[in-house]
Amino acid sequence: MANLRITLVKSTIGAVPKHKKTVEALGLRKLNKTVELPDNAATRGMVKQVQHLVKVEEV
């Protein structure tokens, strides 16, 4: 199964509170940090919600 490499590229300061919680639920705590998560519907939905804050690469 493929993975997604997700990097936080924009700060969550001033973001909608729901988006802040979504970014944290993805495992991203600091700017420019990267996590690898499984490529499934749940992860894709979370990424779509905060696509303006993150960069996504397929691994």
Side-chain angles (χ1 to χ4, degrees):
M1 188 172 196
N3 283 340
L4 294 175
R5 183 175 291 146
I6 306 166
T7 305
L8 184 62
V9 294
K10 191 167 188 282
S11 174
T12 57
I13 295 174
V16 178
K18 187 175 181 181
H19 292 179
K20 288 182 183 183
K21 290 184 179 186
T22 302
V23 167
E24 193 160 325
L26 284 168
L28 298 166
R29 306 280 191 269
K30 294 183 177 183
L31 204 56
N32 295 318
K33 294 298 176 184
T34 302
V35 294
E36 282 196 22
L37 298 172
D39 185 4
N40 57 32
T43 305
R44 288 277 181 174
M46 292 170 77
V47 167
K48 184 160 178 56
Q49 187 179 34
V50 293
Q51 63 187 354
H52 57 289
L53 301 174
V54 298
K55 181 178 81 170
V56 181
E57 303 168 23
E58 290 188 19
V59 180

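- Between L8 and K30, the closest heavy-atom pair is CD2-O, 3.6 Å.
- Within the 4.5 Å cutoff, the side chain of L37 has no heavy atoms near those of the V47 side chain.
- Connection of L53 to L31 is established within a shared hydrophobic cluster, with ILVMFWY side chains joined at heavy-atom distances below 4.5 Å, either directly or through further cluster members.
- Note that the CD atom of Q51 and the NZ atom of K10 stand 13.0 Å from one another [nearest 0.5 Å].
- Note that OG1 of T43 and NZ of K48 are 15.0 Å apart. Values are rounded to the nearest 0.5 Å.
- L28 and V35 get closest at one heavy-atom pair: CD2-CG2, 3.9 Å.
- Note that CG of L4 is 12.0 Å distant from CE of M46, once rounded to the nearest 0.5 Å.
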Side-chain polar contacts of residues 11-18 - donor-acceptor pairs under 3.5 angstrom, sequence neighbours left out - could you list them?
| residue | atom | partner | partner atom | Å |
| --- | --- | --- | --- | --- |
| S11 | OG | I13 | N | 3.1 |

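- Ion pairing between E24 and K33 fails under the 4.0 Å rule for side-chain N and carboxylate O.
- Taking each heavy atom of H52 and Q49 in turn, the nearest pair found is CE1-O, 3.8 Å.
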